[in-house]
Q: 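Got a structure for you, questions after.
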Amino acid sequence: MNALNKKSIEDIDVQGKKCLVRCDFNVPLNGKIITNDKRIVAALPTIKYLMEHGAKVILCSHLGRPKGQYKPEFSLAPVAERLSEYLGVEVKLAEDKEVVGHNARMMSNALNDGEVMLLENVRFRQEETSNTANFSQELASIADIFVNDAFGTAHRAHCSTTGVASYLPAVCGFLIQKEIEFMGGALANPKRPLVAILGGAKVSDKIGVISNLIDKCDTIIIGGGMAYTFMKYLGHSIGTSLLEADWVAKAGEMMKDAEAKGVKFLIPIDNKVGKEYSEDTEAMIVNSDEIPDGWMGLDIGPATQKLFTDAIKGAGTVIWNGPMGVSEWKNFEAGTVAVANAVAESGAISIIGGGDSVAAVTKLGFADKMSHISTGGGASLEFLEGKELPGIMALNDK
């Protein structure tokens, strides 16, 4: 997928044009209170650029899973309110149960250059997720240009992410542009050495990513729960550590493949193990081939931290997806902290993708030291797998 040659809002004239902007305003709510507005803040540069360049801005997004029905608890009203605060102008919500209804049409026709409005939750319509043409056409009917800035849903072919692009000129906003530049650039033409750090619980979730990266990386580092499936392949006893027995052979194949291609493939040489899966369990450090029966690996050990951090030191580009252990527990965060620290100090172009590693670097205070933190969990994984993302493919080429 050559995502690097897609048009952005800077490549077209938006003055006086109605721009339908797909954002990712899928924010966590407690009742009607937004508990984290990072996704709203991330959309502001694109919205402000369009306002400043005289566009008539019509925002749309999904929120939660109303499953194709109008449910007031999934209304975007709190988002309209928060956007109004950030932009310093009133962002009116078109309160239509059918999303593109009487209010949306009236309000979009009345927009002046530089004004902003918000449509109701696109998932109030059954057609949105089945990508049915009639809803795509309704969305397109109130706009002149489609702008996709929702990387988090770029791996979904829905009406508001791909369908509408069949009927309007389609470009990306700054958020998607940044994702394409960093992640696309890292895969297509990385500053070397390229080091990939893959953690998290399951090998099965990351098979596609590992297979794709073996062809591109100089070093692959494996941590987290998925490492024990690789240790099992090497014949180590892993106690009660996480194991995907069906994937042991595949794990071995990938290690052999990496070796054949001259790619360094590092797995933990020691582990911090616990008696049970709880934060304050009895714990100790053991070598990877000496995990006792009845104990489980919950973090990488100090020798592994050194092995991994040494490998990160000389990197030109680092892609990191998934923590090294149960990093949300103080007792088992040391491995993830050590790796985060090494990435931050490496001077490499650093790209953090996927929800858990993003949460870890944010919680541990390393977020501002990373070059790029991806806004899409599933989308960034599929991007790293080399899959074509429908929401990006649908955009116009330069």
Side-chain angles (χ1 to χ4, degrees), residues 1-25 39-61 83 87 108 111-119 122 136-137 139-190 349 351 371-376 379-380 382-383 386-398:
M1 166 170 90
N2 188 5
L4 295 165
N5 64 346
K6 294 296 179 184
K7 278 189 180 170
S8 86
I9 47 177
E10 291 179 299
D11 296 316
I12 56 165
D13 178 16
V14 297
Q15 174 70 43
K17 301 274 188 5
K18 289 183 198 160
C19 293
L20 177 72
V21 188
R22 175 55 156 104
C23 298
D24 183 1
F25 294 144
R39 287 180 167 166
I40 295 174
V41 172
L44 295 175
T46 293
I47 299 169
K48 285 178 174 167
Y49 174 91
L50 291 169
M51 290 168 73
E52 285 158 12
H53 287 77
K56 300 168 178 179
V57 186
I58 305 164
L59 305 173
C60 71
S61 176
L83 278 166
L87 296 169
S108 62
L111 278 178
N112 292 314
D113 295 358
E115 288 186 339
V116 188
M117 62 177 277
L118 175 64
L119 298 179
V122 288
S136 301
Q137 286 165 335
L139 287 165
S141 72
I142 58 170
D144 306 310
I145 292 167
F146 172 58
V147 179
N148 192 354
D149 209 28
F151 184 72
T153 56
H155 59 314
R156 307 254 184 253
H158 291 169
C159 291
S160 68
T161 58
T162 60
V164 68
S166 308
Y167 304 100
L168 294 174
V171 300
C172 65
F174 293 135
L175 206 55
I176 281 191
Q177 186 181 35
K178 192 174 173 216
E179 296 279 2
I180 292 172
E181 279 172 8
F182 271 98
M183 293 178 64
L187 295 175
N189 188 17
I349 294 164
I351 297 159
S371 316
H372 178 64
I373 292 188
S374 179
T375 53
S380 58
E382 291 195 16
F383 201 93
K387 287 185 179 172
E388 294 195 337
L389 303 185
I392 291 175
M393 294 313 293
L395 303 174
N396 301 150
D397 291 330
K398 283 187 182 174

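Hydrogens, waters and symmetry mates are skipped; everything else that's a heavy atom, side chains included, is used. Quantities reported herein were computed from a predicted structural model and do not represent experimental measurements. Note that the numbering runs from 1 along the sequence shown for the chain.
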Q: Hey, could you give me the CG/CZ distance between L187 and F383, rounded to the nearest 0.5 Å?
A: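 Answer for the CG-CZ pair, L187 versus F383, is 6.5 Å.
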
Q: Working to the nearest 0.5 Å, report the span between CD1 of I351 and CD of E179.
A: 9.5 Å

Q: Is there a side-chain contact between V164 and L20 (heavy atoms, below 4.5 Å)?
A: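 Answer yes - side chains close enough.
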
Q: V171 versus D11: any side-chain heavy-atom pair under 4.5 Å?
A: no

Q: Between H372 and M183, which heavy-atom pair has the shortest distance, and what is it?
A: CD2-CG, 4.4 Å

Q: To the nearest 0.5 Å, how far apart are OH in Y49 and SG in C19?
A: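 Spacing of OH (Y49) from SG (C19) equals 10.0 Å.
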
Q: Just by distance, no angles: are the side chains of T161 and R22 close enough, under 3.5 Å, to form a donor-acceptor pair?
A: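 Not at all, the side chains of T161 and R22 share no donor-acceptor pair under 3.5 Å.
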
Q: Of all residues at least two apart in sequence or in a different chain, which pass the salt bridge (Lys or Arg N to Asp or Glu O under 4.0 Å) check with R156?
A: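 For R156, no residue satisfies salt bridge (Lys or Arg N to Asp or Glu O under 4.0 Å) once neighbours in sequence are set aside.
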
Q: Is there side-chain contact between L59 and L83, with at least one heavy-atom pair below 4.5 Å?
A: yes

Q: Over all heavy atoms of both residues, which pair between L111 and I58 is shortest? Give the atoms and the distance, please.
A: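 For L111 versus I58, the nearest heavy atoms are CD1-CG1, 3.8 Å.
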
Q: Looking only at non-hydrogen atoms, find the nearest pair between C60 and V122 and report the distance.
A: CB-CG1, 4.1 Å

Q: Out of the candidates L118, V116, L50, only one should pair with V21 under the side chain to side chain contact (heavy atoms under 4.5 Å, CB included) rule; please name it.
A: L50

Q: Please list, chain by chain and in numerical order, all residues satisfying side chain to side chain donor-acceptor pair (under 3.5 Å) with H155, sequence neighbours excluded.
A: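 For H155 there are no side chain to side chain donor-acceptor pair (under 3.5 Å) partners, ignoring immediate neighbours.
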
Q: Could you name each residue pair satisfying salt bridge (charged side-chain N to carboxylate O under 4.0 Å, His left out) that touches residues 42-61, not counting sequence neighbours?
A: K56-D113

Q: Working to the nearest 0.5 angstrom, can you tell me the gap between M51 CE and E115 CD?
A: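 Atom-to-atom, M51:CE and E115:CD are 9.0 Å apart.
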
Q: Using a 3.5 Å cut-off and no angle test, enumerate the donor-acceptor pairs between side-chain atoms of residues 140-154 and protein atoms at least two apart in sequence or in another chain.
A:
from: S141; atom 1: OG; to: R105; atom 2: NH1; distance (Å): 3.1
from: S141; atom 1: OG; to: E138; atom 2: O; distance (Å): 2.6
from: D144; atom 1: OD2; to: K18; atom 2: N; distance (Å): 2.7
from: N148; atom 1: OD1; to: A150; atom 2: N; distance (Å): 3.0
from: N148; atom 1: ND2; to: G391; atom 2: O; distance (Å): 3.4
from: D149; atom 1: OD1; to: F174; atom 2: N; distance (Å): 3.4
from: D149; atom 1: OD1; to: L175; atom 2: N; distance (Å): 2.8
from: D149; atom 1: OD1; to: I176; atom 2: N; distance (Å): 3.1
from: D149; atom 1: OD2; to: T46; atom 2: OG1; distance (Å): 2.8
from: T153; atom 1: OG1; to: A150; atom 2: O; distance (Å): 3.3

Q: Taking all heavy atoms of M393 and all of K6, pick out the closest pair and write down the distance.
A: O-NZ, 3.3 Å

Q: Of the non-hydrogen atoms in D24 and R39, which two are nearest, and what is the gap between them?
A: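 Closest heavy-atom pair between D24 and R39: O-CB, 3.2 Å.
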
Q: Taking side chain to side chain contact (heavy atoms under 4.5 Å, CB included) as the definition, give me every residue that meets it alongside A43, ordered by chain and number, with sequence neighbours left out.
A: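 Applying side chain to side chain contact (heavy atoms under 4.5 Å, CB included) to A43 gives C23, F25, I47.
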
Q: Give, for atom NE2 of H53 and atom CD1 of I9, the distance between the pair rounded to the nearest 0.5 Å.
A: 8.5 Å

Q: Return the OG to NZ distance between S8 and K398, rounded to the nearest 0.5 Å.
A: 6.0 Å

Q: Would you say the side chain of P169 lies within less than 4.5 Å of the side chain of N396, judging by non-hydrogen atoms?
A: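 Result yes, sub-4.5 Å side-chain heavy-atom pair found.
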
